[in-house]
Amino acid sequence: MQTATIEQLAAASAPYALQINGDRLAPALQHGQYVAVQPGRTSKTGDLVVAAIREEKPAVMRQNADGDLLDNKGGYVPSGQWRTLGIVTGTLAVGSVYHA
């Protein structure tokens, strides 16, 4: 398994898989589960967004109507403190390959 940097994810042009680490969006997304990510799309209210928050490791959170990011545990990141790396387009089964 290859680990990408924030800059590599930000520069991606092809869809990629990202493994969920933690339970911020449980029960919708589980620790260890893989999601398909489409880079380069503009996020909108309700989207699951792969975001770079203060240039730390990427996080998957839901965008609200104000442009802020929220998780199911009460986590909150105001707009302007994160940048979109991609939009989650679905989940992947173990051993599956995602093709756009």
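We number each residue from 1, following the sequence as shown. All of these numbers come straight from a predicted model, not from anything done at the bench.
Atom CD of Gln33 and atom CG of Leu25 lie 10.0 Å apart (nearest 0.5 Å). We find the OG1-CZ distance between Thr45 and Arg62 to be 11.0 Å, quoted to the nearest 0.5 Å.
Looking at Leu29 and Val60, their side chains come closer than 4.5 Å, going by heavy atoms from C-beta outward. Side-chain contact between Tyr76 and Asp68 is present, with at least one heavy-atom pair separated by less than 4.5 Å.
The shortest non-hydrogen separation linking Lys73 to Asp23 is CE-O, 3.1 Å. Of all heavy-atom pairs spanning Leu85 and Ala51, the tightest one is CD1-C, 4.0 Å. Contact detail for Val37 and Thr89: the closest heavy-atom pair is N-OG1, 4.4 Å. Here the shortest heavy-atom pairing between Val50 and Pro58 reads CG1-CB, 4.0 Å. When all heavy atoms of Pro39 and Ala14 are compared, the pair lying nearest together is CG-O, 3.4 Å. The shortest non-hydrogen separation linking Arg83 to Ala10 is NH1-CB, 3.9 Å.
With sequence neighbours excluded, the residues forming a side chain to side chain contact (heavy atoms under 4.5 Å, CB included) with Asp47 are Ser43, Lys44, Val49, Ile87, listed by chain and number. For Arg24, the side chain to side chain contact (heavy atoms under 4.5 Å, CB included) test picks out Ala59, Met61, Asp71, with sequence neighbours left out.
Criterion: ILVMFWY side-chain heavy atoms under 4.5 Å apart, direct or through other members. Under it, Leu70 and Leu48 are not part of a common hydrophobic cluster.
Under a 3.5 Å cut-off, the side chain of Gln81 and the backbone N or O of Pro78 do not form any donor-acceptor pair. The backbone N or O of Gly67 lies less than 3.5 Å from a partner atom in the side chain of Asn64, making a donor-acceptor pair.
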